[in-house]
Amino acid sequence: MPKKRGNLSKGKLYALRVKTGGQTGAAKWVPLDMKRARIDAHEAARAANATPYCNPEDIELIGQKLYVAVKCEPRIDGVDGPGVILSVTLGNQPKVSYFVEVGKNVPAQNAAAGISGFFRPETLAEGPDGKLWITEDTQPSDIWVADTHTEADGLSSSVKLFASLKDAEATGTGIYFGADAGTLYVNVHESATGNDKTMAITGQHGH
C-alpha cells in the first residue's frame with residue numbers, strides 16, 4: 001500500500017493469507033518485512049506465512065472484487081492443475097473463492113474429443129459489459145467470458161466460450177478494450193506463420 005497514491009517508492013507491502021491454510025476461504029492481508037521484501041519479496045511472503053498459489057499470471061479489479069488468473073491450480077499431490085480464476089472480495093474481511101473452475105462451471109480441455117475446454121488462464125480484462133474476459137496460454141488458445149454474478153459458492157453463474165484462435169500454435173494474450181467499447185484487442189504471439197500481431201475484434205455491443 002503506497003503512502004501516496006501512484007507513488008510506489010514508499011509504503012507497505014502485504015500478501016494474502018487464507019486463514020484455514022487452504023487456497024480459499026476467509027483471509028487477511030499480512031504485512032511483509034520490508035527490508036526482506038526489498039531483497040526477495042517471495043521469501044518475505046513465505047516468512048509471513050502467506051498463501052502460495054501456482055503461477056499467478058494477471059489480475060483485474062471489478063467493483064470490490066479482485067480477480068486473479070492462476071495458471072496451474074488446483075495442485076493435487078504436487079501435480080499441476082488446469083488453472084482457475086480466483087476472486088478476492090476486498091474490504092476489512094477479505095474472502096477468496098474459486099470463480100472459474102474446471103468441472104464446476106467450465107469443461108476440461110480434451111483435444112482428442114474436440115472439446116476446447118478451460119486450460120491455463122493467463123490474461124484478464126473487464127469488458128464494457130462488466131464481465132471478466134479471459135485468455136489462455138495454451139493451444140488452441142481460447143477467449144472466455146465470465147459473468148461477475150456468482151452462486152453461493154462464489155463460482156461465476158455463467159462462463160461462455162467466446163472465440164478460439166484458428167492458428168493452432170499461437171496464443172492470445174494482452175486482452176483489452178480500447179476507447180471504443182465495441183472493439184476487443186487481443187495480442188497474438190508464437191504464431192506458426194511467424195506473423196505475431198494485434199487483432200481487433202469488433203461488434204461486441206450485443207455481448
Side-chain angles (χ1 to χ4, degrees), residues 1 13-32 37 41-42 44-46 48-109 117-127 129-138 141-162 171-177 186:
M1 180 181 297
L13 191 62
Y14 292 79
L16 190 67
R17 180 198 295 164
V18 177
K19 295 179 180 179
T20 62
Q23 303 303 96
T24 62
K28 63 184 295 187
W29 295 100
V30 292
L32 304 188
H42 288 289
R46 283 191 288 269
N49 198 28
T51 301
Y53 290 96
C54 184
N55 203 352
E57 285 285 339
D58 195 15
I59 61 174
E60 185 72 17
L61 179 64
I62 302 177
Q64 289 300 305
K65 284 189 178 180
L66 182 69
Y67 298 91
V68 187
V70 186
K71 189 177 285 186
C72 45
E73 290 284 341
R75 300 192 85 211
I76 300 175
D77 297 327
V79 178
D80 288 354
V84 300
I85 304 297
L86 296 178
S87 69
V88 183
T89 302
L90 303 179
N92 294 329
Q93 297 180 322
K95 182 179 179 181
V96 183
S97 301
Y98 283 156
F99 176 71
V100 177
E101 183 180 4
V102 168
K104 298 292 181 66
N105 55 1
V106 282
Q109 181 167 293
F118 190 80
F119 192 61
R120 293 182 180 169
E122 183 176 45
T123 60
L124 308 174
E126 179 184 6
D129 50 9
K131 297 178 182 179
L132 184 70
W133 292 64
I134 308 159
T135 66
E136 299 173 329
D137 182 17
T138 186
S141 184
D142 300 323
I143 300 173
W144 297 83
V145 187
D147 197 315
T148 53
H149 293 95
T150 59
E151 305 293 348
D153 54 8
L155 288 165
S156 169
S157 60
S158 175
V159 186
K160 302 293 186 182
L161 176 63
F162 172 73
T171 56
T173 186
I175 188 171
Y176 66 99
F177 290 87
V186 184

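Values below: all heavy atoms of this structure, side chains included; hydrogens, waters and symmetry mates excluded.
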Return the minimal non-hydrogen interatomic distance between [X] and [Y], and the atom names on each side.
| X | Y | answer |
| --- | --- | --- |
| Ala44 | Leu32 | O-CD2, 3.8 Å |
| Tyr53 | Val70 | CB-CG1, 4.0 Å |
| Ile85 | Ala69 | CD1-CA, 3.8 Å |
| Phe119 | Gln109 | CB-OE1, 3.7 Å |
| Cys72 | Asn55 | SG-CB, 3.8 Å |
| Ser87 | Lys65 | CB-CD, 4.5 Å |

I'd like to check [X] versus [Y] (side-chain heavy atoms, cut-off strictly below 4.5 Å). Are they in contact?
| X | Y | result |
| --- | --- | --- |
| Leu90 | Leu66 | yes |
| Val96 | Gln23 | no |
| Thr24 | Ser97 | no |
| Val100 | Trp144 | no |

Can any side-chain N or O of [X] pair as donor or acceptor with the backbone N or O of [Y] at less than 3.5 Å?
| X | Y | answer |
| --- | --- | --- |
| Ser141 | Gly172 | yes |
| Thr51 | Val18 | yes |
| Asp58 | Gly174 | no |
| Ser157 | Glu151 | no |
| Arg17 | Asn49 | yes |

| task | Please determine which of Phe177, Tyr176, Tyr67 meets the ring pair (Phe, Tyr, Trp, His ring centres under 6.0 Å) test together with Trp133. | result | Phe177

Would you give the length of the straight line joining atom [atom1] of [X] to atom [atom2] of [Y], rounded to the nearest 0.5 angstrom?
| X | Y | atom1 | atom2 | result |
| --- | --- | --- | --- | --- |
| Leu124 | Leu132 | CG | CG | 5.0 Å |
| Thr138 | Arg120 | OG1 | CZ | 5.5 Å |
| Asp142 | Phe118 | CG | CZ | 9.5 Å |
| Lys95 | Lys19 | NZ | NZ | 12.0 Å |
| Glu60 | Ile134 | CD | CD1 | 11.0 Å |
| Ile62 | Lys131 | CD1 | NZ | 11.5 Å |

| Audit row: Trp29, Val88, side chain to side chain contact (heavy atoms under 4.5 Å, CB included) steps and yes/no | CA-CA 11 Å; Trp29 295 100; Val88 183; 4.2 Å; yes

| Between Thr123 and Thr135, a side-chain donor and acceptor under 3.5 Å | yes

| field | Within 6.0 Å of CD1 in Ile59, more than 12 heavy atoms from elsewhere | value | no

